[in-house]
Amino acid sequence: MTIRTRFAPSPTGYLHIGGARTALYSWLFARKHQGRFILRIEDTDLERSTPESVAAILEGMAFLNLDYDEGPFYQTERFDRYREVLSELIAHGHAYYCTCTKAELEERRAAQMARKEKPRYDRRCREAGHGPSPEAVVRFKNPLSGEVVVDDAVKGRVVFRNDELDDLIIARSDGTPTYNFTVVVDDMDMGITHVIRGDDHLNNTPRQINMLRALDARPPAYAHIPMILGEDGARLSKRHGAVSVMQYRDEGYLPEALINYLMRLGWAHGDQEIFTRAEMIALFDLKDVHAAAAAINPKKLLWLNQHYIKTLPAADIAERLRPFLAERGADLTAGPALTDVVLALQERAKTLIEMAEHALFFYRQEVAIGDPKNQAILASAPRAALEALAAAFTAQPAWTRETVHATLEAVAEGQGLTFGKLAQPVRIAVTGTSISPPIDVTCALLGRERCVTRLKSAAAPR
RNA sequence: GCUCCCUUCGUCUAGUGGCCUAGGACGCUGGCCUCUCACGCCGGUAACAGGGGUUCGAAUCCCCUAGGGAGCGCCA
């Protein structure tokens, strides 16, 4: 049997990291078993679904490199099929028309709550034999007795009693189908073998299984993965900062880091922290998914991002860095090869934004020393030392890291300074900041001409 | 309120009855390295929610309590 999994987001917002993890686990499971991964857009809520959200979801999946074998399918394009299954259900006595109004239902719900009962439909129309009408909804006739057992891959065996369940609405009065019904029809039609989704759906599962049975379909296997909590342990929301996958991208996070982080959040393989895609596919197993909700830890994500910035090929990082540099007005043709700059910066940036900012002075005509602290450091070196260095640089035959280093050492000695006492003011002079790669590397990369110009300008009286 | 789920360091987790005076990672922190910032290396900090059982032995099995979460929509 071919394993078939699906990711079924509703396009009512961006792709957030909880959804991304659900998608990742479904993708991994399919890949591990040489199965098929299907993307389905659950857009039956015409009110809240937007094309922008669809685009955001697709974009997020692409960024994370989660490719799908089938889809994206849109539920709004399958309304004929839902109608067909709906009439089948009605014809076989598994569903019925209900004419109770929203106001009536509301009232009964309130009364049940007041009586400390679980609010649910009282099945008043179940045997009434109503026919179709403009106000009528269609309800599924849930079994009245017995129980439904969900053998969940992460939660274990969960038993629901049918008398706890009510007759849910599967088609609205305007004829459109509802979520719990479309999901059943789609999972059945698309031959989904493993439903991997958030555990907020665990309570829906017995009703879906009952519908599947009414349709003579074999229920898939289920795996309900816990939700992701914010840093404070509360439910994830906008106020927790970056929760959108695209926002992480914009903040300079690598998909490798995000995927690794999400993978490891609520799942473990012993003490291993870093996983390649191939390892993830090979090692992933639903049974190792932790059953409890996990809080997001932004610092650890940052650490992982740094790890991948550090270890991925410099040329690769350079390509990803380009847009961040362009955004900051850097002219990449007026400076050293970007890959060389990345090589120098790779161990000193946690995000691409940070790297772009630290790379900027390589691609600017001039630097400004705005910070008073930096001006003070610059002033700590005798003007003559900077001038001597500029002269020595000019006279120096070859321009490499080694020769630059030797010149710096010679000038420092000549001026009666330690290497460090000269290096830091020089750093301020040529980069405009107190932070950069080693000064010899920085100068070598920046080029003789710019170094000399900046040294002279820093030495000039103001 | 009812039903369902969950509970190991601050956080993510290892642990499936003895290897646990509970391991790793992030964070925080002391030190080393050092021209800045980083990287790297060495060390420290900190947890089995509580209570009852079962057992020679429990973080691991059972029960209860407490706490957290989800669902109970003509939302998905």
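Side chains are part of it too, since the values below use all heavy atoms of this structure and drop only hydrogens, waters and symmetry mates. In what follows, every chain begins at residue 1, and chains take the letters A, B, ... in the order their sequences are listed. Note that the structure is predicted; figures quoted are calculated from it, not measured.
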Worksheet item: For the residue pair A:Tyr248 and A:His16, is the inter-centroid distance of their aromatic rings smaller than 6.0 Å?
Response: no
Worksheet item: Counting any heavy atom closer than 4.0 Å, what does A:Ser436 reach on the DNA or RNA strands: base, sugar-phosphate only, or nothing?
Response: base
Worksheet item: Under 4.0 Å: is that the gap between some side-chain N or O of A:Arg264 and OP1 or OP2 of B:U13?
Response: no
Discussion item. Taking the minimum atom-to-atom distance to the side chain of A:Pro119, which one of B:C72, B:C12, B:U3 wins?
Written reply: B:C72
Worksheet item: So, A:Asp186 versus A:Gln75: side-chain donor-acceptor pair below 3.5 Å or not?
Response: yes
Discussion item. In this structure, how many angstroms lie between the C1' atom of B:A76 and the CG atom of A:Asp187, rounded?
Written reply: 13 Å
Worksheet item: A:Lys310 side chain N/O closer than 4.0 Å to the phosphate oxygens (OP1, OP2) of B:G40?
Response: yes
Worksheet entry | Spacing between A:Ile225 atom CD1 and B:A70 atom P, to the nearest angstrom | 16 Å
Discussion item. Taking any heavy-atom pair under 4.0 Å as a contact, classify A:Arg115: base, sugar-phosphate, or nothing.
Written reply: nothing
Worksheet entry | Nearest-angstrom distance from the residue atom CG of A:Asp45 to P of B:C74 | 13 Å
Practice prompt. Send over the distance from A:Tyr121 OH to B:C74 C1', rounded to a whole Å.
Written response: 12 Å
Worksheet item: B:C12 and B:U55: how far apart are their P atoms, nearest whole angstrom?
Response: 36 Å
Item to complete: Considering only atom C1', compute the distance from B:A14 to B:C56 and round it to an integer number of Å.
Response: 27 Å
Worksheet item: Under 30°, 30 to 60°, or over 60°: which ring-plane class applies to A:Tyr179 and A:His201, parallel, tilted or perpendicular?
Response: tilted
Item to complete: If the plane angle is over 60° it's perpendicular, under 30° parallel, otherwise tilted; pick one for A:Tyr25 and A:Phe284.
Response: tilted
Worksheet item: For B:A25, which nucleotide is its Watson-Crick or G-U wobble mate, given both distances must be under 3.5 Å?
Response: B:U11
Worksheet item: Please give, in whole Å, the distance from B:A14 C1' to A:Trp267 CH2?
Response: 12 Å
Worksheet, complete the sentence: Out of B:C35, B:U3, B:C6, minimum distance to the side chain of A:Lys118 belongs to B:U3
Worksheet item: When the C1' atoms of B:U16 and B:U11 are considered, how many whole Å apart are they?
Response: 24 Å
Fill in: Atom-to-atom span, CG of A:Asp200 to P of B:A70 - whole angstrom
9 Å
Practice prompt. Side chain of A:Trp303 only, please: which of B:G1, B:C26, B:U7 is the nearest?
Written response: B:C26
Worksheet item: When you check the phosphate oxygens OP1 and OP2 of B:C39, does a side-chain N or O of A:His307 lie under 4.0 Å from one of them?
Response: no
Discussion item. Regarding A:Ile439, tell me which of base, sugar-phosphate or nothing describes its non-hydrogen contacts under 4.0 Å with the strands shown.
Written reply: base
Discussion item. Distance check needed: B:C12 P versus A:Leu301 CG, whole Å only.
Written reply: 14 Å
Practice prompt. Give the nucleotide from the list B:C4, B:A14, B:C74 with an atom nearest to the side chain of A:Leu202.
Written response: B:C4
Discussion item. Just to be sure I understand the rule, does A:Asn180 reach a base, reach only the sugar-phosphate, or reach nothing, if contact means heavy atoms closer than 4.0 Å?
Written reply: base
Item to complete: Remember a base hit wins even if backbone is also touched, and classify A:Glu117 as base, sugar-phosphate or nothing at under 4.0 Å, heavy atoms.
Response: base
Fill in: B:U45 versus B:C35 - spacing of their C1' atoms, nearest Å
33 Å
Worksheet item: Does any donor atom in the side chain of A:Gln396 or A:Thr403 lie under 3.5 Å from an acceptor atom in the other side chain?
Response: yes
Worksheet item: Reckon A:Asp174 touches a base, only the sugar-phosphate, or nothing at all at heavy-atom distances under 4.0 Å?
Response: nothing
Worksheet item: After noting the C-alpha distance and the side-chain angles of A:Ser436 and A:Thr442, does the key distance pass the side-chain hydrogen bond (donor to acceptor under 3.5 Å, both in side chains) rule?
Response: CA-CA 7 Å; A:Ser436 88; A:Thr442 302; 3.2 Å; yes
Item to complete: May I ask you to say what A:Pro226 touches in the nucleic acid, namely base, sugar-phosphate or nothing, with a heavy-atom cut-off under 4.0 Å?
Response: nothing
Discussion item. Between the base of B:G40 and the side chain of A:Glu347, is one N or O donor paired with an acceptor at under 3.5 angstrom?
Written reply: no
Worksheet item: If the C1' atom of B:A58 is compared with that of B:C48, how far apart are they to the nearest Å?
Response: 11 Å
Discussion item. Using the P atom as the point on both nucleotides, what is the distance between B:C39 and B:U29, in whole Å?
Written reply: 13 Å
Worksheet item: With a non-hydrogen cut-off below 4.0 angstrom, is A:Glu164 in contact with a base, only sugar-phosphate, or nothing?
Response: sugar-phosphate
Worksheet item: Expressed as a whole number of Å, how far does the C1' atom of B:C5 sit from that of B:G15?
Response: 22 Å
Worksheet item: Which nucleotide in the list B:U11, B:C2, B:A70 gets nearest to the side chain of A:Asn203?
Response: B:A70
Fill in: Nucleotide nearest A:Ala295 when distance is taken to its side chain, options B:U13, B:U11, B:G69
B:U11
Practice prompt. Ignoring the backbone of A:Lys155, work out which of B:C35, B:G10, B:C5 is nearest its side chain.
Written response: B:C5
Discussion item. Could you tell me the Watson-Crick or G-U partner of B:A49, where both distances fall under 3.5 Å? Say none if there is no partner.
Written reply: B:U65
Fill in: Of A:Thr76, A:Thr44, A:Ile170, the residue whose pairing with A:Thr182 passes side-chain contact (heavy atoms from CB on, under 4.5 Å)
A:Thr44
Worksheet item: Any N or O donor-acceptor pair linking the side chain of A:Arg348 to the base of B:C39 at under 3.5 Å?
Response: no
Worksheet item: What is the base-pairing partner of B:G40, counting Watson-Crick and G-U wobble geometry with both distances under 3.5 Å?
Response: B:C32
Worksheet item: Does the B:G23 base have a donor-acceptor partner in the side chain of A:Asp271 within less than 3.5 Å?
Response: yes
Worksheet item: Within the pair A:Gln346 and B:C39, is there a side-chain N or O less than 4.0 Å away from OP1 or OP2?
Response: no
Practice prompt. Please tell me which of the listed nucleotides, B:A25, B:A76, B:U36, lies nearest to the side chain of A:Ile435?
Written response: B:U36
Worksheet item: When we call it a touch if two heavy atoms are under 4.0 Å apart, what does A:His201 touch: a base, just sugar-phosphate, or nothing?
Response: base
Worksheet item: Contact class for A:Val158 (heavy atom, under 4.0 Å): base, sugar-phosphate, or nothing?
Response: sugar-phosphate
Discussion item. Is there a side-chain contact between A:Thr178 and the phosphate of B:G73, meaning an N or O under 4.0 Å from OP1 or OP2?
Written reply: no
Discussion item. Over all strands shown, is A:Asp43 touching base, sugar-phosphate only, or nothing at heavy-atom distances under 4.0 angstrom?
Written reply: nothing
Worksheet item: Across the strands shown, which category fits A:Thr12 at heavy-atom distances under 4.0 angstrom: base, sugar-phosphate, nothing?
Response: nothing
Item to complete: Tell me the partner of B:G71, counting only Watson-Crick (N1-N3 plus N6-O4 or O6-N4) or G-U wobble (N1-O2 and O6-N3) with both under 3.5 Å; none if nothing fits.
Response: B:C2
Worksheet item: Reckon A:Gly198 touches a base, only the sugar-phosphate, or nothing at all at heavy-atom distances under 4.0 Å?
Response: nothing
Discussion item. Check this for me: does the side-chain of A:Arg120 come within 3.5 Å of the base of B:C72 through a donor and an acceptor?
Written reply: no
Fill in: salt bridge (charged side-chain N to carboxylate O under 4.0 Å, His left out) partner of A:Asp167, chosen from A:Arg120, A:Arg123, A:Lys141
A:Arg123
Practice prompt. Sort out the partner of B:C56 for me: Watson-Crick or G-U wobble, both distances under 3.5 Å, none otherwise.
Written response: B:G18
Practice prompt. Going by the side-chain contact (heavy atoms from CB on, under 4.5 Å) test, name the single residue among A:Leu28, A:Leu24, A:Leu254 that passes it with A:Ile259.
Written response: A:Leu24
Fill in: A:Thr178 versus A:Asn180, side-chain donor and acceptor atoms under 3.5 Å
no
Discussion item. What contact category does A:Lys116 fall into here, base, sugar-phosphate, or nothing, at under 4.0 angstrom with non-hydrogen atoms?
Written reply: sugar-phosphate
Worksheet item: When the C1' atoms of B:C2 and B:C19 are considered, how many whole Å apart are they?
Response: 46 Å
